[in-house]
Amino acid sequence: MANSIIEGIVEYISACPLLSDGVFRVDSLGDQAVEYTVETGIFEPVIKRYVNGVETRQYQFNFGSREYYSMDRVQNMQNSAFYERFADWIEQNNRKEIFPDLPEDCYAEKVEVLSNGYMFDASMRNARYQIQLRLVYQKEVT
């Protein structure tokens, strides 16, 4: 059982077979390829409250990476294709009901892909890419 929502998300994404041997951070990303990060966002956590004390909640976050980048079309297509495959992995996990492990009294419903993967910034040797996601879950409020 995860101690926090972010811990569950990081463990879930760490299990993605598409990730190469790179550094994995939370809320930070270095300047060298290949690195990954999960960054929390600003969002309203409660989607809906029910009279029985259960809430439908969301946790929005970005998954980002620092990738090799150049004027080479092939390298940049590979970077974009990685994010297509990553979104497919998320969607396949939803169909198989494979979700992040969450703290007590929280039950994951789905992980949604909110955007395509896109290049966020670039230099001549590497670039930052990211994709926006959202975990939807139920929480029993006491």
Side-chain angles (χ1 to χ4, degrees), residues 1-50 52-141:
M1 180 175 305
N3 292 317
S4 66
I5 301 293
I6 190 67
E7 179 183 330
I9 289 170
V10 168
E11 292 300 317
Y12 172 77
I13 291 178
S14 296
C16 179
L18 300 170
L19 303 186
S20 63
D21 293 331
V23 177
F24 200 128
R25 303 178 192 275
V26 175
D27 286 334
S28 68
L29 188 63
D31 63 354
Q32 300 298 313
V34 170
E35 292 192 13
Y36 304 102
T37 187
V38 171
E39 298 172 326
T40 57
I42 299 171
F43 57 92
E44 173 63 40
V46 178
I47 297 172
K48 187 169 184 175
R49 289 186 171 93
Y50 300 92
N52 65 356
V54 173
E55 296 176 343
T56 300
R57 291 181 163 229
Q58 66 178 338
Y59 194 97
Q60 291 182 11
F61 60 98
N62 294 331
F63 170 72
S65 65
R66 177 80 54 199
E67 305 286 346
Y68 292 108
Y69 174 83
S70 71
M71 297 304 288
D72 179 23
R73 172 176 46 112
V74 174
Q75 175 66 54
N76 299 337
M77 284 190 323
Q78 288 174 347
N79 293 343
S80 293
F82 167 84
Y83 279 90
E84 289 178 34
R85 291 190 307 275
F86 181 80
D88 288 344
W89 179 78
I90 295 287
E91 291 165 0
Q92 288 171 13
N93 279 353
N94 280 329
R95 285 191 293 278
K96 296 175 186 175
E97 297 185 356
I98 299 170
F99 304 118
D101 187 29
L102 300 180
E104 188 174 352
D105 298 327
C106 294
Y107 309 95
E109 290 186 349
K110 60 186 169 183
V111 178
E112 294 180 328
V113 176
L114 300 178
S115 73
N116 293 324
Y118 58 94
M119 185 173 55
F120 190 73
D121 68 22
S123 69
M124 288 309 290
R125 56 175 218 247
N126 62 50
R128 178 198 166 107
Y129 288 80
Q130 70 181 29
I131 189 169
Q132 297 172 333
L133 304 142
R134 173 174 92 149
L135 168 67
V136 177
Y137 63 100
Q138 298 289 316
K139 181 174 182 174
E140 294 179 11
V141 180

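Below, all heavy atoms of this structure are taken into account, side chains as well, without hydrogens, waters or symmetry copies.
- Applying the salt bridge (charged side-chain N to carboxylate O under 4.0 Å, His left out) criterion to E91, with sequence neighbours excluded, gives no partner residue.
- Y69 has its side chain within reach of M119: a pair of non-hydrogen atoms, C-beta onward, lies under 4.5 Å apart.
- Put simply, CG on D105 and CE on M1 are 8.0 Å apart, with the number rounded to the nearest 0.5 Å.
- Side chain of N126 to main chain of D31: a donor-acceptor pair is present (N/O by atom type, distance under 3.5 Å, no hydrogens or angles).
- The shortest non-hydrogen separation linking F82 to L19 is CZ-CD2, 3.8 Å.
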message: Using side-chain contact (heavy atoms from CB on, under 4.5 Å), reason through L133 and N62 one step at a time and then give a plain yes or no.
response: CA-CA 6 Å; L133 304 142; N62 294 331; over 6 Å; no

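- Of the possible polar contacts, none joining the N79 side chain to the Y129 backbone as a donor-acceptor pair under 3.5 Å is found.
- The neighbour count for Q92 CD, taken as heavy atoms of other residues, nucleotides or ligands under 6.0 Å away, is above 12.
- The closest side-chain heavy-atom distance from I13 to F86 is below 4.5 Å.
- How far CD of E97 is from NZ of K110: 12.5 Å, rounded to the nearest 0.5 Å.
- Minimum interatomic distance between V26 and I6 (heavy atoms only, all atoms of both residues): CG1-CG1, 4.1 Å.
- Applying the salt bridge (charged side-chain N to carboxylate O under 4.0 Å, His left out) test to residues at least two apart or on different chains, none of the pairs has a partner in residues 3-18.
- The closest donor-acceptor contact from the side chain of R66 to the backbone of G30 lies under 3.5 Å.
- In D88, the CG atom is crowded: over 12 heavy atoms of neighbouring residues, nucleotides or ligands sit closer than 6.0 Å.
- Contact between V10 and S14 at its shortest, heavy atoms only, is O-OG, 2.7 Å.
- Between Y59 and F43, the ring center distance clears the sub-6.0 Å criterion.
- Contact record, P100 with A108: O-CB, 4.1 Å, taken as the closest heavy-atom pair.
- Note that the OH atom of Y137 and the CD atom of E109 stand 11.0 Å from one another [nearest 0.5 Å].
- With rounding to the nearest 0.5 Å, the separation of CG in L135 from CG in L102 is 5.5 Å.
- Distance check, rounded to the nearest 0.5 Å: OG of S65 to CZ of R25 gives 13.0 Å.
- Without hydrogens or angle criteria, T37 side chain to G64 main chain gives no donor-acceptor distance under 3.5 Å.
- Not a single donor-acceptor pair under 3.5 Å links the side chain of N93 to the backbone N or O of F99.
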Derivation and outcome, side-chain contact (heavy atoms from CB on, under 4.5 Å), residues Y68 and N76: CA-CA 8 Å; Y68 292 108; N76 299 337; over 6 Å; no

field: Intermediate values then yes/no, side-chain contact (heavy atoms from CB on, under 4.5 Å), I131 and F61
entry: CA-CA 9 Å; I131 189 169; F61 60 98; over 6 Å; no

task: Evaluate the side chain to side chain donor-acceptor pair (under 3.5 Å) criterion for residues Q58 and Q60: first the C-alpha distance (whole Å), next the side-chain angles of each, then the deciding distance (0.1 Å), finally the verdict.
output: CA-CA 6 Å; Q58 66 178 338; Q60 291 182 11; 3.1 Å; yes

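- In this structure, a donor-acceptor pair under 3.5 Å is present between the side chains of Q130 and Y118.
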query: Checking side-chain contact (heavy atoms from CB on, under 4.5 Å) for the pair Q138/T56: CA distance, chi angles, key distance, verdict?
result: CA-CA 5 Å; Q138 298 289 316; T56 300; 2.7 Å; yes

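- From D101, atom CG reaches atom CD1 of I5 across 10.0 Å, with rounding to the nearest 0.5 Å.
- A salt bridge links R134 with E112; the closest basic N to acidic carboxylate O contact falls under 4.0 Å.
- Remark: aromatic rings of W89 and F63 are distant, center separation not under 6.0 Å.
- The closest side-chain donor-acceptor pair between Y36 and S20 falls under 3.5 angstrom.
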